[in-house]
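Structure first, commentary second.
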Amino acid sequence: MEVRTRFAPSPTGYLHVGGARTALYSWLYAHHHHGKFVLRIEDTDRERSTQPAIDAIIESMKWTGLTWDEGPFYQTKRFDRYNQVIDELLEKGLAYKCYCNKERLDKVREEQLANNEKPRYDGHCREDHSEHTPDEPYCIRFKNPREGKVKFHDLIRGDIEFDNAELDDLVIRRTDGTPTYNFCVVIDDWDMKITHVIRGEDHINNTPRQINIYKALGAPVPEFAHVSMILGDDGAKLSKRHGAVSVMQYRDDGFMPEALINYLVRLGWGHGDQEIFSLEEMINLFALENVSKSASAFSSDKLKWMNQHYIKTLPPERVAEELVWQMEHLGINYSQGPSLTEIVKAQAERCKTLKEMAENSVYFYQDYTEYEPKAAKKWFKENSAEALERSLAKLEAVSDWKAENIEEAFKTVATDMNVGLGKVGMPLRLAVTGRGVSPEMGITMELVGREKTFERIRRTIAYLRSGATQN
RNA sequence: GUCCCCAUCGUCUAGUGGCCUAGGACAUCGCCCUUUCACGGCGGUAACAUGAGUUCGAACCUCAUUGGGGACGCCA
């Protein structure tokens with residue numbers, strides 16, 4: 001039988017990393033078994049579902065590469081189907097009309113709480129409707145079995161069982177006629193032939209109710225796997241307070257989707273000592289039995305490490321593609337100057353994010369307006385102007401403007417002046433980039449360009465000769 | 001409160017009864033490399049929640065305790 005999994009977010013907000021991980025696991029499981037991955041939008045809550053949220057979820061799925069084989073399906077387009085099944089259940093006596101109003105429900109709940117009982121519907125309307133007239137407003141409740149147990153084998157957690165006595169008769173159709181979540185998922189997973197339901201652990205408690213509905217319908221019960229939660233760095237539930245939670249925020253913060261996916265797959269799953277997985281490896285090696293049962297804390301530090309790993313090892317052309325967004329966001333016109341691929345090669349080992357890379361590469365495209373104060377104070381000394389003058393002379397003699405030749409040329413200056421390389425290299429760095437940090441000076445000057453380099457050095461010599469520094 | 005789930009270094013994890021004086025990775029600390037910042041290399045600190053069992057032997061099995069988390073909606 002073909003393995004079919006699904007990701008079924010409710011469009012009430014952006015896609016967060018927890019959802020993304022669940023989607024990833026579903027996606028991997030389907031691909032591992034050469035099955036299908038379905039995207040379904042659970043928008044039965046018309047109050048809170050929004051189109052921007054749907055767009056954001058789809059954009060996130062596409063950015064991370066979690067593409068779906070079928071869908072997106074929308075539950076709001078399937079209301080006829082749900083209602084038809086509900087009517088059938090009603091006819092068969094497997095569901096019933098409930099006329100209880102909010103006041104009565106609240107009162108029951110209060111009493112149960114006072115008696116230290118789990119609050120649930122007491123089944124008041126389950127049998128007797130004599131006191132009601134057909135024109136009174138009502139909702140439909142599913143007749144949950146009152147005795148026995150519901151057992152299922154969770155593919156991650158093992159056997160789980162609930163007493164039916166713990167469950168109540170849940171509402172499957174609201175008074176306004178719309179069907180509810182716990183009912184719609186069952187019908188959808190059934191209709192869409194979902195074989196493996198992989199979702200968050202907050203759904204464990206819904207599972208026995210849903211299994212009872214499957215059984216009432218005579219539908220095959222799928223396999224279930226409940227993935228644990230993702231916590232923040234501090235062990236508390238992940239929230240905006242911890243920084244980024246939305247997938248697109250990671251794009252904005254300068255992360256490669258490859259890194260996010262790799263980080264997410266490792267958060268809660270492992271394969272021996274391996275940390276880095278290509279997509280192919282993930283598909284081949286992923287198994288639900290190796291998914292961790294306990295909640296895991298999201299470590300931005302490790303994500304950053306992994307991001308840099310991908311920045312360093314992915315083809316620079318690929319990294320440059322993502323860098324485009326950052327450059328445009330900063331308003332840098334990168335069409336004049338070195339190619340972004342060259343920037344990636346030069347900067348990769350000193351950037352954890354593409355955002356950093358863009359911010360630290362501005363001087364390749366624009367003239368700086370001031371020297372970084374701390375670096376200038378530290379490195380502009382009395383002989384700096386001389387070092388720059390001598391360097392300029394050597395550099396002007398370089399005919400083939402390549403990093404290697406440039407490097408060779410200015411290094412002789414240190415020897416000539418009988419000083420350490422730092423005394424020459426750092427003033428040069430300040431002169432060419434305005435900053436105390438940059439790639440090696442050879443490649444930096446090559447990328448800035450011959451004429452620009454000379455211009456900036458001359459300007460700096462003038463600045464130093466004017467007595468601007470008191471060192 | 002009731003039900004359900006969970007429990008190895010600060011963090012993510014390896015470990016499925018002897019290979020464990022518990023391995024790897026991130027973070028952290030120290031050293032080396034070095035024109036800056038980094039990268040890299042080498043080394044260090046650091047964990048089986050507690051208590052009973054089962055067993056010749058337990059991080060691994062069982063139970064209890066404690067501690068976390070989730071659910072208890074005419075939300076999903």
Side-chain angles (χ1 to χ4, degrees), chain A residues 8-12 42-45 47-49 75 98 100 102 105 109 112-121 137-141 154 157 160-163 165-168 170-176 178-182 184-185 200-208 226 228-229 231 233 235-237 263 266-276 289-290 292-306 308 312 347-352 360 375 378-379 407 410-411 414 420-430 433 435-442 444:
Chain A
S10 63
T12 53
E42 312 228 316
D43 53 354
T44 50
D45 184 349
E47 296 279 297
R48 296 194 292 174
S49 299
Q75 291 188 321
C98 170
C100 294
K102 194 168 185 310
L105 261 20
R109 182 191 165 78
Q112 289 165 331
L113 246 20
N115 292 332
N116 282 342
E117 285 172 43
K118 179 194 265 191
R120 67 253 235 217
Y121 183 61
Y138 62 84
C139 67
I140 308 289
R141 287 184 186 272
D154 190 292
R157 285 151 208 280
I160 298 178
E161 68 170 56
F162 288 81
D163 253 308
E166 291 294 331
L167 276 24
D168 65 356
L170 69 157
V171 172
I172 56 178
R173 182 196 285 162
R174 301 182 183 91
T175 305
D176 69 4
T178 59
T180 62
Y181 163 77
N182 272 301
C184 298
V185 248
E201 70 172 344
D202 47 334
H203 285 289
I204 290 180
N205 296 281
N206 290 142
T207 307
H226 290 96
S228 63
M229 295 193 43
L231 276 19
D233 298 64
K237 187 173 178 174
Y263 178 73
R266 277 288 292 112
L267 189 67
W269 174 80
H271 182 262
D273 287 340
Q274 194 172 343
E275 295 288 347
I276 304 298
E289 56 174 303
N290 295 322
S292 155
K293 293 192 267 278
S294 49
S296 27
F298 194 96
S299 165
S300 305
D301 280 334
K302 186 158 182 179
L303 205 212
K304 282 181 190 162
W305 167 78
M306 212 167 251
Q308 182 170 34
K312 285 189 303 191
Q347 296 279 41
E349 53 189 33
R350 71 206 87 234
C351 298
K352 290 202 183 299
N360 294 335
K378 182 171 181 188
W379 295 104
E407 199 90 7
F410 84 81
K411 271 181 177 167
L421 243 191
K423 294 281 203 301
V424 179
M426 287 312 291
L428 259 180
R429 175 165 282 114
L430 256 326
T433 71
R435 304 191 185 192
V437 174
S438 85
E440 287 164 1
M441 284 317 296
T444 299

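Note that the coordinates shown come from a computational prediction; the quantities given were computed from them, not determined experimentally.
With both ends at atom C1', the span from B:G10 to B:A47 equals 10 Å, rounded to whole Å. Spacing between B:C12 and B:A46 at atom C1', rounded to whole Å, works out to 15 Å. Taking atom C1' on both nucleotides, B:U13 is separated from B:A22 by 13 Å, rounded to a whole Å. Nucleotides B:C9 and B:A25 place their C1' atoms 12 Å apart, quoted to the nearest Å. With P as the reference atom, B:C5 and B:G15 are 23 Å apart, rounded to whole Å. Nucleotides B:U45 and B:U2 have their C1' atoms positioned 45 Å apart, rounded to a whole Å. When the P atom is used for both B:U50 and B:C56, the distance is 24 Å, rounded to whole Å. Taking atom P on both B:G51 and B:A59, the two are 13 Å apart, rounded to the nearest angstrom.
Atom CD in A:Glu42 sits roughly 9 Å away from atom P in B:A76 (whole-Å rounding). For the pair A:Lys293 NZ and B:C5 P, the computed distance is 12 Å after rounding to whole Å. Straight-line distance from the CD1 atom of A:Ile204 to the P atom of B:C5: 7 Å, rounded to whole Å. The CG atom of A:Leu430 sits 10 Å away from the C1' atom of B:U36 (whole-angstrom rounding). Remark: P of B:A71 and CG of A:Leu170 are 17 Å apart, rounded to the nearest angstrom. A:Asn290 has its CG atom 12 Å from the P atom of B:U16, to the nearest Å. Between the CD1 atom of A:Ile172 and the C1' atom of B:C75 there is a distance of 17 Å, rounded to whole Å. One interatomic measurement links the two molecules: NE2 of A:His226 to P of B:C6, which rounds to 12 Å at whole-angstrom precision.
Using a 4.0 Å heavy-atom distance criterion, A:Ser228 is classed as making no nucleic acid contact. Residue-level contact check: A:Arg173 touches neither bases nor backbone, having no heavy atom under 4.0 Å from any strand. In this structure, A:Asn206 reaches the bases: a heavy-atom distance under 4.0 Å links it to at least one base atom across the strands shown. Residue A:Leu267 is in sugar-phosphate contact alone, with no base atom involved, counting any heavy-atom pair closer than 4.0 Å across all strands shown. Counting any heavy atom pair closer than 4.0 Å across all strands shown, A:Gly268 reaches sugar-phosphate atoms only and no base atom.
Side-chain nitrogen and oxygen atoms of A:Thr180 include none within less than 4.0 Å of the OP1 or OP2 phosphate oxygen of B:C75. Considering only side-chain N and O atoms, A:Ser294 lies nowhere under 4.0 angstrom from the phosphate OP1 or OP2 of B:C5.
A:Arg157 has its side chain within reach of A:Ser228: a pair of non-hydrogen atoms, C-beta onward, lies under 4.5 Å apart. For the pair A:Leu421 and A:Met426, the minimum side-chain heavy-atom distance is 4.5 Å or more. A:Thr175 places none of its side-chain heavy atoms less than 4.5 Å from the side chain of A:Tyr138.
Ranked by how close their nearest RNA chain B nucleotide is to the 5' end, A:Gly272 and A:Pro439 are led by A:Gly272. Looking at which nucleotide of RNA chain B each of A:Cys100 and A:His271 is closest to, the 5′-most match is held by A:His271.
Taking the side chain to side chain donor-acceptor pair (under 3.5 Å) definition, one finds that A:Gln274 meets it with A:Glu281, sequence neighbours left out. In this structure, the side chain to side chain donor-acceptor pair (under 3.5 Å) partners of A:Thr178, at least two apart in sequence or on a different chain, are A:Arg174, A:Asp176. With sequence neighbours excluded, the residues satisfying side-chain contact (heavy atoms from CB on, under 4.5 Å) with A:Ser300 are A:Asp233, A:Phe298. Applying the side-chain contact (heavy atoms from CB on, under 4.5 Å) test to A:Asn205 and every residue at least two apart in sequence or in another chain returns A:Phe162. Residues forming a side-chain contact (heavy atoms from CB on, under 4.5 Å) with A:Ser292 (at least two apart in sequence, or on another chain): A:Ser294. A:Arg141 is linked by a side chain to side chain donor-acceptor pair (under 3.5 Å) to nothing, counting only residues two or more places apart in sequence or in another chain. A:Glu166 pairs by the side chain to side chain donor-acceptor pair (under 3.5 Å) definition with A:Lys118, not counting sequence neighbours.
Put simply, the side chain of A:Arg174 and the base of B:C74 share no donor and acceptor less than 3.5 Å apart. Below the 3.5 angstrom threshold, one finds no donor paired with an acceptor across the side chain of A:Asp43 and the base of B:A76. At a cut-off of 3.5 angstrom, the base of B:C72 holds no donor-acceptor pair with the side chain of A:Arg120.
B:G43: Watson-Crick or G-U partner is B:C29, with both key distances under 3.5 Å. Pairing of B:A71, defined by two Watson-Crick or G-U wobble distances under 3.5 Å, is identified with B:U2. Judged by Watson-Crick or G-U wobble contacts below 3.5 Å, the nucleotide B:G18 has B:C56 as its partner.
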Using a cutoff of under 3.5 Å, can you pull out all pairs of nitrogen or oxygen atoms linking the protein to nucleotides 24-33 of chain B, with atom names and distances?
residue : atom : partner  : partner atom : Å
B:G24   : N2   : A:Arg266 : NH2          : 3.4
B:G24   : N2   : A:Glu275 : OE2          : 3.0
B:A25   : O4'  : A:Glu275 : OE2          : 3.3
B:C26   : OP1  : A:Trp305 : NE1          : 3.3
B:C26   : O2'  : A:Lys302 : N            : 3.2

Restricting both atoms to N or O, compile the protein contacts to nucleotides 59-70 of chain B shorter than 3.5 Å, with distance only.
residue : atom : partner  : partner atom : Å
B:G70   : N2   : A:Asn205 : OD1          : 3.3

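Surrounding NE2 of A:His203 are more than 12 heavy atoms belonging to other residues, nucleotides or ligands, all under 6.0 Å away.
Shown here, B:C9 is classed anti by the O4'-C1'-N9-C4 or O4'-C1'-N1-C2 angle, which is more than 90° from 0.
Checked for salt-bridge contact, A:Lys293 and A:Glu201 miss the test: no charged N lies under 4.0 Å from a carboxylate O.
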